Amino acid sequence: MRELVGLSFPEIQKIMADIGEKPFRAKQLWQWMYNKGVADFDVMTTFSKPLREKLKESFLISHPKIVTEQNSSDKTRKWLMEFQDGAKVECVYIPEADRGAVCISTQVGCAQGCRFCHTGTQKFMRNLTAGEIVGQFMAARDSYGEWPTPTDETRYLSNIVVMGMGEPLYNFDNLKTAVQILMDGDGISISKRKITVSTCGVADKIPALADLGVKLAVSLHAPNDEIRNQIMPVNKKFPLKVLMEACAEYQKKVEHRQFITMEYVMLKGVNDRPEHAQELIELTKGLEVKFNLIPFHAWDGAPFEPSSQNAIHRFSKILEDHYIAAPIRRSRGEDIMAACGQLKSEHEKKS
Ligand code: SAH
Ligand code: SF4
């Protein structure tokens with residue numbers, strides 16, 4: 001049996017041609033899968049019974065299975081999703097007033113080992129396929145019943161942030177195919193301006209994100225190599241100078257000189273001093289950036305503590321005095337452990 005979710009449109013065209021169907025059937029199948037969210041061939045009423053039977057014999061359309069769903073008091077919804085081989089990842093919906101972002105994963109576990117990140121303590125298992133990456137968003141739409149694809153203005157699940165488990169740029173080919181499927185106007189139809197990819201700093205792949213047209217978020221978290229080397233092993237391979245050059249190249253290539261979001265988790269006594277904010281201003285000179293100051297989400301056994309509210313506000317003010325936006329991110333879904341990696345570990349402890 002061959003999985004259809006995650007194949008590119010030309011691949012779907014080829015499959016339909018190979019079983020002797022006219023080209024327009026490929027477009028119909030695509031729309032059933034990605035515009036209507038249908039996973040059952042029997043529901044595809046524009047196809048004859050024999051064609052449906054033929055498809056059923058050789059192909060599958062799978063959305064990941066939802067193992068657990070938790071709803072936070074602030075309306076954040078978090079799922080643990082399971083794929084065909086039993087591998088599980090987390091996926092979160094984070095609402096803002098009348099819209100919101102679905103946060104999706106790209107790997108099972110993560111090999112990067114950032115010291116503040118709970119996912120970094122879990123073993124890296126494997127990359128997700130393009131179908132599994134797209135599938136998370138489809139399962140989120142299933143959960144909210146948001147099919148067929150609503151118009152851009154009326155949809156609740158309006159944005160995608162690739163900020164779940166794993167490092168997306170170390171699974172670049174599958175990410176790319178997935179993003180192309182998610183953006184397709186005949187299907188899921190999320191525009192490239194509403195998709196953000198977050199990386200820990202895999203510099204050599206960053207400029208390629210400009211070709212995809214998606215927004216870039218960088219998990220910066222440190223103002224200099226000395227601190228960054230201590231908390232993010234990836235910095236040894238791609239030090240800050242190389243990372244900043246890659247960001248500049250992305251910004252040069254991407255349409256509308258899209259600003260870059262710098263994620264910065266505030267770690268008490270590590271990266272939260274006023275002089276660190278000054279260093280960041282120097283470091284990001286020449287780039288159009290916005291900082292997202294993230295209160296550290298503590299977990300059992302974490303080697304860091306969250307910065308004080310005072311320290312975070314002081315830090316934000318220094319950046320903003322230099323005309324760099326630096327909002328302090330509200331922590332969402334605390335009561336359901338919506339921080340990266342925690343639900344999955346909790347599930348594994350229980351089983
Ligand atoms: N691997 C990618 C994307 C997933 S991580 C990356 O690192 O960018 C998503 C974001 O959550 C990153 O900015 C990460 O640094 C941050 N994060 C991880 N652990 C955290 C914690 N305990 N508290 C707050 N933010 C955390
Ligand atoms: Fe991996 Fe990102 Fe966590 Fe680092 S912050 S361990 S890259 S998921």
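Order of listing sets the numbers, starting from 1, for every ligand and every atom in it. Quantities reported herein were computed from a predicted structural model and do not represent experimental measurements.
- Short contacts between ligand 2 and C200, defined as distances under 4.0 Å to a heavy atom of the residue, involve ligand atoms 7 (S).
- Taking backbone and side-chain atoms together, C114 has an N/O/S atom less than 2.8 Å away from atom 4 (Fe) of ligand 2.
- The 12-atom threshold is not exceeded at NZ of K176, counting heavy atoms of other residues, nucleotides or ligands nearer than 6.0 Å.
- Residues F124 and V108 are members of separate hydrophobic clusters, defined by side-chain heavy-atom contacts under 4.5 angstrom among Ile, Leu, Val, Met, Phe, Trp and Tyr.
- Residue-ligand proximity: H221 is placed with a non-hydrogen atom under 4.0 Å from ligand 1.
- Just one of R155, Q31, R141, K36 meets the side-chain hydrogen bond (donor to acceptor under 3.5 Å, both in side chains) condition when paired with T149; it is R141.
- Ligand 1 has a nitrogen or oxygen under 3.5 angstrom from a nitrogen or oxygen of G166.
- Atoms of ligand 1 lying under 4.0 Å from at least one heavy atom of I294, given by number and element, are 24 (C), 25 (N).
- Contact check on K241 versus D225 returns no salt bridge, with no Lys/Arg side-chain nitrogen under 4.0 Å from an Asp/Glu carboxylate oxygen.
- Within the model, atoms CD of E57 and CE of M1 stand 9.0 Å from one another, a figure rounded to the nearest 0.5 Å.
- Heavy-atom proximity to atom 3 (Fe) of ligand 2, evaluated over P168, G166, C117, P233, is greatest for C117.
- The proximity of T199 to ligand 1, defined as any non-hydrogen pair under 4.0 Å, is limited to the backbone.
- Of the N or O atoms in E263, none lie within a sub-3.5 Å distance of an N or O in ligand 1.
- Considering V265, I104, N292, T119 only, the shortest heavy-atom separation from atom 24 (C) of ligand 1 involves V265.
- Within the structure, the side-chain hydrogen bond (donor to acceptor under 3.5 Å, both in side chains) test picks out the following pairs touching residues 156-167 (sequence neighbours left out): R99-N159, E167-T199.
- Side-chain N or O atoms of W79 include none that pairs as donor or acceptor with a backbone N or O of K65 at under 3.5 Å.
- Contact of the E132 side chain with the I104 side chain is not registered, since no non-hydrogen atoms from C-beta on lie closer than 4.5 Å.
- Using a 4.0 Å cut-off to heavy atoms of C200, the atoms of ligand 1 that qualify are 6 (C), 7 (O), 8 (O).
- With a 4.0 Å cut-off on non-hydrogen atoms, W299 touches ligand 1 through its side chain and not its backbone.
- Of the candidates T177, V179, D173, L175 forms a side chain to side chain contact (heavy atoms under 4.5 Å, CB included) with just one, namely V179.
- Annotation for ligand 1: atoms under 4.0 Å from non-hydrogen atoms of C117 are 18 (C), 19 (N).
- Residue C110 has at least one heavy-atom neighbour below 4.0 Å for each of these atoms of ligand 2: 1 (Fe), 6 (S), 7 (S), 8 (S).
- For the pair G164 and ligand 1, a heavy-atom separation below 4.0 Å is found.
- Considering both main-chain and side-chain atoms, P168 never comes within under 3.5 Å of ligand 1 through any nitrogen or oxygen pair.
- Where the criterion is an N or O separation shorter than 3.5 Å, residue side chain and backbone included, S219 meets it with respect to ligand 1.
- A continuous path of Ile, Leu, Val, Met, Phe, Trp and Tyr side chains, each step under 4.5 Å between heavy atoms, connects I318 with V289, placing both in one hydrophobic cluster.
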